[in-house]
Amino acid sequence: IAAIMGISPFRTALDVWLEKTGRQAPQDISNVEAVYWGTVNEAAVADRWARDHPECVVRRLNATLVSRSAEWKRANLDRLVVEGGRPSVLEIKTASAFKADEWADGVPPYYLTQVTWYLAITGWDMAHVAVLIGGNDYREFDVPRDEDDIRAVTEAATDFWENYVVKDVMPQVVGADAPTLAGI
């Protein structure tokens, strides 16, 4: 979602379009050190969040959630939280100490769009984000459902899907996309 909205520091709308239209396989990032350590530490961060919130049941989901309104709308949650019978999202992040400033005022916008999309898909009212920064700075944030944000990510995703993916129209190329164009 952040990529198609033009705010991801990791990917662009063109990257997503190339994958969704089958022109390019998803990039294998399994050997990237930050990804490896994020995966290794995910359970520990989730356990910390659960320890600090004993009133909640926290479960790992091994499933892709699909919207009832459109099959292409999907979400892969890190954890499901249930409190008082009400479900919510728990998204786990790890970040370099060099990225600590990005978390100073809350969840960075590129991750905020992700959890907002998850709330749009699930219809739930709350997402929680737990982050481990630099291996020893734990922080957590609550992201309540905001209908304006839901509308913004849903409109962006729908526009991208219907006008670029379905119609097979390449999105506008930006400077960062130039190296990926070689295979088109």
Side-chain angles (χ1 to χ4, degrees), residues 1-17 19-20 38 42 45-61 63-96 99-133 137-166 171-172 174:
I1 295 300
I4 66 171
M5 294 182 81
I7 61 172
S8 172
F10 311 111
R11 297 169 39 117
T12 67
L14 179 61
D15 295 322
V16 176
W17 179 80
E19 289 176 13
K20 297 295 182 187
E42 182 178 303
V45 176
D47 288 348
R48 167 65 188 268
W49 193 93
R51 185 194 78 189
D52 291 351
H53 300 274
E55 71 281 7
C56 298
V57 175
V58 179
R59 288 187 295 203
R60 184 166 186 235
L61 290 180
T64 298
L65 304 181
V66 180
S67 171
R68 291 182 175 141
S69 67
E71 187 178 319
W72 61 267
K73 295 179 181 179
R74 296 169 177 251
N76 291 296
L77 313 183
D78 289 334
R79 299 291 188 279
L80 164 69
V81 172
V82 179
E83 179 182 6
R86 298 187 61 91
S88 59
V89 174
L90 175 57
E91 184 63 23
I92 308 299
K93 299 295 180 193
T94 57
S96 161
K99 300 278 188 176
D101 287 350
E102 292 184 11
W103 293 87
D105 296 322
V107 180
Y110 52 94
Y111 290 139
L112 189 58
T113 58
Q114 177 187 11
V115 296
T116 300
W117 178 249
Y118 291 171
L119 293 175
I121 300 297
T122 61
W124 300 342
D125 295 326
M126 179 66 73
H128 312 281
V129 178
V131 60
L132 182 62
I133 302 170
D137 180 3
Y138 172 81
R139 302 178 194 182
E140 60 183 59
F141 306 91
D142 290 337
V143 180
R145 185 180 183 89
D146 180 299
E147 292 305 325
D148 290 335
D149 290 346
I150 297 283
R151 190 170 19 269
V153 298
T154 302
E155 287 175 1
T158 301
D159 176 66
F160 180 79
W161 187 262
E162 292 177 356
N163 293 308
Y164 296 95
V165 177
V166 172
Q172 182 178 356
V174 295

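Between the side chain of Asp15 and the main chain of Thr12, a donor-acceptor pair closer than 3.5 Å is present. Arg145 contributes a side-chain N or O that, together with a main-chain N or O of Leu119, makes up a donor-acceptor pair within less than 3.5 Å. In this structure a side-chain-to-backbone donor-acceptor pair under 3.5 Å is present from Asp78 to Ile92.
A salt bridge links Arg79 with Glu42; the closest basic N to acidic carboxylate O contact falls under 4.0 Å. Salt-bridge annotation for Arg51 and Asp47: absent, with no side-chain N of the basic residue lying under 4.0 Å from a carboxylate O of the acidic one. Between Glu102 and Lys93 no salt bridge is recorded (no basic side-chain N to carboxylate O distance below 4.0 Å).
Atom CG of Leu65 is separated from atom NZ of Lys73 by 14.5 Å, given to the nearest 0.5 angstrom. Atoms CG and CD, from Leu14 and Glu19 in turn, are 10.0 Å apart once rounded to the nearest 0.5 Å. Between the CG atom in Leu77 and the CG atom in Leu90 there is a gap of 9.5 Å [rounded to 0.5 Å]. Atom OG1 of Thr154 and atom CD of Glu147 lie 9.0 Å apart (nearest 0.5 Å).
Tyr164 is not listed as a side-chain neighbour of Lys20, based on a closest heavy-atom distance of 4.5 Å or more.
His53 and Glu83 share no side-chain donor-acceptor pair at under 3.5 Å. No side-chain donor from either of Tyr110 and Gln114 sits under 3.5 Å from a side-chain acceptor of the other.
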